[in-house]
J.: 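Below is a structure I'd like to ask you about.
Start at 1 and go down the list; that is how both ligands and their atoms are numbered.
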Amino acid sequence: MVGFASLLHQENLDAETRNLYIDIIESSSRQLLNLVNDIIDVSRIEAGELKINKTPFELHKILKETETLFEQLKHARGKQNLKIKLNLPENKQELYIVTDPDRLKQILVNLIGNALKFTEKGGIDFGYGIEDDQLRFYVSDTGIGMTEDDLRLVFERFKRSEQAHRKYEGTGLGLDITKGLLDLLGGSISVESQVGRGSVFTFRIPYVPAKSQEAIHNNEQAIGVERLRGKKILIAEDEKVNRMYLEIILKELPVEIFWAQNGQEALEIF
Ligand SMILES: Nc1ncnc2c1ncn2[C@@H]1O[C@H](COP(=O)(O)OP(=O)(O)OP(=O)(O)O)[C@@H](O)[C@H]1O
Ligand SMILES: [Mg+2]
């Protein structure tokens, strides 16, 4: 990353090479950021500092968002041939539940992310069902699969199968975090797999129904750009580069921005 950033200083770079370097820097930074975020999550879970925010929300909305996200990601990963399918119960249009929607999404993203990474042909199916007082989710793929030995270690930190290690990027933190999150949500996870045929991850969380009004109210709180119009935003940031970045991305918003160097200055401004 640092090397390619230095290379960008070269004069006489043609546009194609320049874009290639930028792509490399972008994708390596993203990987590094993911890794840092994973390490932070692992540490927080371990220290008992990871906060769970249980709120009412509509489950199908999150599942559909996840499906859309992976439809886009599969193209970005050059795997447009893969079929990604969300299976919703036929007799249910929507389902209002109470749990932590962000953590639930993180779990799904980890599992479907793995399925996408380790599958070259066929596809990925995911969905859920209600079983008594539990919600049972599954993510199924037709990818490389795992041996009996691999299966014993999948949920352990830094453990990766021989095949994964040889051909695919990763650190071996995703499933450790997923399991940690499920513990915090009062859930559990298991996996079945066959080498060369695919894998099915199944996880369960308590089913706590919510009143639809509660959830609708909750969804309305989502912030759209228009809802920001005329608002004042106070940013306390002493890092010059961060300030510059925020300035650029906030420029287009219909808001008034106040800058402070630190918390003390922020308090003085308001
Ligand atoms: N869907 C899958 N198909 C085949 N193997 C899998 C699948 N999901 C997980 N594994 C195996 O379990 C290992 C651990 O998964 P985990 O998500 O923790 O790590 P990773 O994806 O390799 O790296 P990271 O998630 O940190 O980027 C993987 O390296 C792989 O060997
Ligand atoms: Mg992973």
J.: With a heavy-atom distance limit of 4.0 Å, tell me whether F201 approaches ligand 1 through its side chain, its backbone, both, or neither.
T.: side chain
J.: Starting from atom 7 (C) of ligand 1, locate the nearest protein heavy atom and write down its residue, its atom name and how far away it is, to 0.1 Å.
T.: F118 CD1, 3.4 Å
J.: Using a 3.5 Å cut-off on N or O atoms only, is V154 in polar contact with ligand 1?
T.: no
J.: For G174 and ligand 1, does the shortest N/O to N/O distance drop below 3.5 Å?
T.: yes
J.: Going through the checks in order, is the side chain to side chain donor-acceptor pair (under 3.5 Å) test met by N87 and K85?
T.: CA-CA 6 Å; N87 292 308; K85 192 166 184 308; 2.7 Å; yes
J.: Looking only at protein heavy atoms, identify the closest one to atom 17 (O) of ligand 1 and say how far it is in Å.
T.: N114 ND2, 2.8 Å
J.: Please list, in number order, the atoms of ligand 1 under 4.0 Å from a heavy atom of A164.
T.: 29 (O), 30 (C), 31 (O)
J.: With heavy atoms only and a cut-off of under 4.0 Å, state how S199 meets ligand 1: side chain, backbone, both or neither.
T.: side chain
J.: What is the closest protein heavy atom to atom 11 (C) of ligand 1, and at what distance does it sit?
T.: M146 SD, 3.7 Å
J.: Verify the distance criterion only: is there a donor paired with an acceptor across the side chains of Q106 and D41 at less than 3.5 Å?
T.: yes
J.: Is there a polar contact, in the sense of an N or O pair closer than 3.5 Å, between G172 and ligand 1?
T.: yes
J.: How far is atom 1 (N) of ligand 1 from its nearest protein heavy atom, and which residue and atom is that?
T.: D141 OD2, 2.8 Å
J.: Can you tell me if, anywhere in N114, an N/O/S atom lies at a distance from the Mg ion (ligand 2) that is smaller than 2.8 Å?
T.: yes
J.: Taking all non-hydrogen atoms of both residues, which atom of L13 and which atom of L7 are closest, and how far apart?
T.: CD1-O, 3.6 Å
J.: Side chain, backbone, both or neither: which part of R160 comes within less than 4.0 Å of ligand 1 when only heavy atoms are counted?
T.: both
J.: Within the 4.0 Å heavy-atom shell around G170, which atoms of ligand 1 are there?
T.: 23 (O), 27 (O)
J.: Does H165 approach ligand 1 within less than 4.0 angstrom via side chain, backbone, both or neither, non-hydrogen atoms only?
T.: neither
J.: So, does R157 sit close enough to ligand 1 that a heavy atom of it is under 4.0 Å from the ligand?
T.: no
J.: Identify the two heavy atoms, one from G170 and one from K117, that lie closest to each other, and give their separation to 0.1 Å.
T.: CA-NZ, 4.0 Å
J.: Going by ring pair (Phe, Tyr, Trp, His ring centres under 6.0 Å), F203 matches just one of F137, Y138, F155. Which one?
T.: F137
J.: Can you tell whether the side chains of E120 and K167 come within less than 4.0 Å, N to carboxylate O?
T.: no
J.: Please determine whether side-chain contact (heavy atoms from CB on, under 4.5 Å) holds for the pair W259 and E247, giving the CA-CA distance in whole Å, both sets of side-chain angles, and the decisive distance to 0.1 Å.
T.: CA-CA 10 Å; W259 294 95; E247 255 162 5; 3.4 Å; yes
J.: Would a hydrophobic clustering, with Ile, Leu, Val, Met, Phe, Trp and Tyr connected at side-chain separations under 4.5 Å, put L151 with V200?
T.: no
J.: Looking at ligand 1, would D150 count as a contact under a 4.0 Å heavy-atom criterion?
T.: no
J.: Give the atoms of ligand 1, by number and element, whose distance to some non-hydrogen atom of S161 is under 4.0 Å.
T.: 31 (O)
J.: Ligand 1 and T171, any nitrogen or oxygen pair closer than 3.5 angstrom?
T.: yes
J.: I need the L88 CG to H60 NE2 distance, nearest 0.5 Å.
T.: 5.0 Å
J.: Suppose we measure from atom 20 (P) of ligand 1 to each protein heavy atom; which comes out shortest, and what is that distance?
T.: K117 NZ, 3.5 Å
J.: Ignoring angles and geometry beyond distance, decide whether L175 reaches within less than 3.5 Å of ligand 1 through its nitrogen or oxygen atoms.
T.: yes
J.: Looking at K61, is its backbone amide N or carbonyl O close enough to the side chain of E58 to form a donor-acceptor pair, meaning the two atoms are under 3.5 Å apart?
T.: yes
J.: Answer with side chain, backbone, both or neither: which part of L111 has a heavy atom less than 4.0 angstrom from an atom of ligand 1?
T.: neither
J.: Check Q31 against E169 and note the closest heavy-atom contact, atom names and distance.
T.: NE2-OE1, 2.9 Å
J.: For atom 14 (C) of ligand 1, which protein heavy atom lies nearest, and how many Å away is it?
T.: K159 O, 3.5 Å
J.: Decide side-chain contact (heavy atoms from CB on, under 4.5 Å) for I177 and I107; before the verdict, give the C-alpha distance in whole Å, the side-chain angles of both, and the deciding distance to 0.1 Å.
T.: CA-CA 8 Å; I177 295 170; I107 292 165; over 6 Å; no
J.: Let me check something: do V195 and M146 share a hydrophobic cluster, defined by ILVMFWY side-chain heavy atoms less than 4.5 Å apart, either directly or through other members?
T.: no
